[in-house]
Amino acid sequence: MNDLLPDQSPAWQQVESIIRNVAASYGYSEIRMPVLESTQLFKRSIGEVTDIVEKEMYTFDDRNGESVTLRPEGTASCVRAGNQHGLLYNQIQRLWYMGPMFRYERPQKGRYRQFHQFGIETFGIDSADADAEVILLSARLWQAFGIADQVELQLNSLGSNEARANYRDALRSYLSDYASELDEDSQRRLETNPLRILDSKDANTQKLLENAPKLSDYWDDESREHFKQLTMRLENAGVKYTLNERLVRGLDYYNRTVFEWVTTALGAQGTVCAGGRYDGLVEQLGGKATPAVGFAMGMERLVLLLQEQNKLTPRRTVDAYLMPLGEEAELNAPRIAEQLRNELPDLRLVTHCGGGAMKKQMKKADKSGAEVALIIGADEIAQQQVTVKPLRTDEQQETLSWQALIERLQPLTRG
């Protein structure tokens, strides 16, 4: 688990701002869920034989002896909240959330045990329109971040729950003949969750899968038509995709559409966004049957990708640094600073505190990263003026009236 330090937070704020704007442009509303939930919620939704539940959850008993878990993902919590507050049945809801999740796994580049996710969840629409919308929303994010050429959409369908179950049996039967040749994780998954073997990173296991049954051969007619409608909409909107029949996702609640956005810009191919349809989860968690589709993206990996591609230009933290020289100026500095904030609400202004000579204050002003220093002394106070000294250019300092000062600072509020 890591700290986010002050020099890192502007990049995160820029990313979060873009995400909020894109989500709002599609009519999605924010929902905020607690980070602590009943353990049973995740066992019922994610599946007891998944890596998350078996090995990665932070689970403990509270003072009443009830098992609680720091949320490892957001969808189950979102569904729980929707059921609890009557938001889902016979309604259409477009929701988004952003916040910390927790998984006990080996830390690696861009991946921590406390990590942050942005998630989109759409409820109440069973047609492929909703699937297309969430994928188009994610595609627009890549455009907004300037990395559309760095990510690739991989797409698949798991079919109905029945089709998925039939395929699972067929895959298990095929792989049982090669059980001794599978990697250790795949041998364990063979009986409990054979679809996850398709995700194996082991080269020998992947070679064995080349002649395995294909998931598409087990699609039911309705799922086949749903997938066709989705791909037609994506193609019509100009979204390119690759069909990946080994894409299954790691959570038990998915059915029909599954997708991932992947990139090689961080080294080996990695996933930066993933999601799909989960029509049975609302009912599984105690609600009325409600179709649903959504996705989640890891913020750490996204920020890292944007930084490595030099796509982040966060606004400076400080626009102007107010330097009071002398006792009278120090007495008046808070009043002047507040007047500036009244006139220019978006101005990022730091007032020097603690006194000191001009040279000392100028060093502090420069270190703050401010664009300009605003100098006030006894003469400026008497004449109701402020001296402006540029810190990042070779322009000469100038002493300005109040109105001229406001006009001079106005462009900085957009910098």
Side-chain angles (χ1 to χ4, degrees), residues 2-25 29-30 32 98-100 116 144 299 303 306-307 312-415:
N2 67 320
D3 298 305
L4 190 63
L5 302 179
D7 64 338
Q8 299 169 307
S9 58
W12 279 71
Q13 290 164 0
Q14 183 185 4
V15 171
E16 290 165 358
S17 177
I18 291 172
I19 284 173
R20 286 188 174 94
N21 290 339
V22 170
S25 75
S29 301
E30 183 182 10
R32 301 189 183 191
M98 193 175 344
H116 297 77
M299 300 286 289
V303 171
L306 294 172
Q307 288 173 331
L312 292 180
T313 54
R315 181 180 168 183
R316 58 182 167 266
T317 305
V318 179
D319 297 321
Y321 192 96
L322 182 61
M323 295 170 42
L325 301 176
E327 187 174 338
E328 186 178 3
E330 290 175 9
L331 185 63
N332 283 276
R335 172 184 59 81
I336 293 171
E338 292 310 301
Q339 287 178 335
L340 282 171
R341 293 185 178 103
N342 289 339
E343 293 274 0
L344 300 166
D346 292 330
L347 181 70
R348 303 185 181 198
L349 175 67
V350 169
T351 303
H352 180 85
C353 297
M358 182 173 180
K359 185 176 181 180
K360 174 188 173 184
Q361 292 196 35
M362 193 61 72
K363 283 184 177 179
K364 293 283 182 69
D366 186 56
K367 189 176 180 180
S368 75
E371 188 76 14
V372 297
L374 308 179
I375 304 168
I376 53 173
D379 291 344
E380 283 86 359
I381 297 295
Q383 296 173 35
Q384 296 186 323
Q385 294 178 326
V386 174
T387 296
V388 179
K389 179 175 178 55
L391 298 174
R392 310 297 158 202
T393 68
D394 294 331
E395 296 175 81
Q396 296 298 308
Q397 70 181 38
E398 52 186 339
T399 301
L400 304 174
S401 67
W402 184 260
Q403 190 54 45
L405 174 66
I406 298 302
E407 293 174 4
R408 172 68 175 82
L409 297 178
Q410 184 78 50
L412 298 186
T413 65
R414 300 186 293 271

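The figures here come from the full heavy-atom set of this structure, side chains too, leaving out hydrogens, waters and symmetry mates. These numbers come from a predicted model, not from an experiment.
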Less than 4.5 Å apart, side chain to side chain, heavy atoms only: is that true for D319 and D346?
no
Gap between atom CG of L347 and atom CG of L340 - 0.5 Å precision
6.5 Å
Going by heavy atoms in the side chains, are L374 and V388 under 4.5 Å from each other?
yes
Are V372 and L409 packed together at the side-chain level, in the sense that at least one heavy-atom pair is separated by less than 4.5 angstrom?
yes
Where P6 and P10 come nearest, the two heavy atoms and their spacing
O-CD, 3.1 Å
Verify, without hydrogens or angle tests, whether R341 (side chain) and L349 (backbone) share a donor-acceptor contact under 3.5 angstrom.
yes
Identify the two heavy atoms, one from P390 and one from R408, that lie closest to each other, and give their separation to 0.1 Å.
CG-NH2, 4.0 Å
Should T317 and V350 be marked as a side-chain contact (heavy atoms from CB on, under 4.5 Å) after you check the CA-CA gap, both sets of side-chain angles, and the distance that decides it?
CA-CA 10 Å; T317 305; V350 169; over 6 Å; no
Any salt bridge linking R392 with D366? Criterion: basic side-chain nitrogen under 4.0 Å from a carboxylate oxygen.
yes
Please give me the minimum heavy-atom distance between A144 and I18, naming the atom from each residue.
CB-CG2, 3.6 Å
Give a yes-or-no answer on whether the side chains of T387 and E380 include a donor-acceptor pair shorter than 3.5 Å.
yes
Distance from L405 atom CG to Q384 atom CD, nearest 0.5 Å?
12.5 Å
Test side-chain contact (heavy atoms from CB on, under 4.5 Å) on T313 and Q14; report intermediate values, then the result.
CA-CA 8 Å; T313 54; Q14 183 185 4; 4.0 Å; yes
Taking all atoms of both residues into account, what is the closest heavy-atom pair of A337 and T351, and its distance?
CB-OG1, 3.4 Å
Grab the two heavy atoms, one from G377 and one from A329, that are nearest each other, plus how far apart they are.
CA-CB, 4.1 Å
So do the side chains of Q8 and D3 get within less than 4.5 Å of each other, counting heavy atoms only?
no
Donor-acceptor pair, S25 side chain versus V22 backbone, under 3.5 Å?
yes
Can you tell me how far the NZ atom of K367 sits from the CG atom of L391, to the nearest 0.5 Å?
15.0 Å
Just do the side-chain contact (heavy atoms from CB on, under 4.5 Å) check on M362 and I375 with the steps written out, would you?
CA-CA 10 Å; M362 193 61 72; I375 304 168; 4.1 Å; yes
Considering non-hydrogen atoms only, spot the tightest contact between A365 and A373 and give its length.
CB-CB, 4.3 Å
Out of H116, E30, M299, R32, which one pairs with M98 under the side-chain contact (heavy atoms from CB on, under 4.5 Å) rule?
M299
I'd like to know whether L412 forms a side-chain contact (heavy atoms from CB on, under 4.5 Å) with R316, so could you lay out the CA-CA distance, the side-chain angles of the two residues, the decisive distance to 0.1 Å, and finally the verdict.
CA-CA 10 Å; L412 298 186; R316 58 182 167 266; 3.4 Å; yes
To the nearest 0.5 Å, what is the distance between CE (M358) and NE2 (H352)?
12.0 Å
Inter-residue atom distance C353.SG - E330.CD, 0.5 Å rounding
9.5 Å
With side chains defined as the heavy atoms from C-beta onward, is the minimum distance between V318 and S368 less than 4.5 Å?
yes
Mind checking the CD-CD spacing from E343 to Q403? Nearest 0.5 Å is all I need.
7.0 Å
Check: Q307 side chain, L312 main-chain N or O, donor-acceptor pair, under 3.5 Å
no
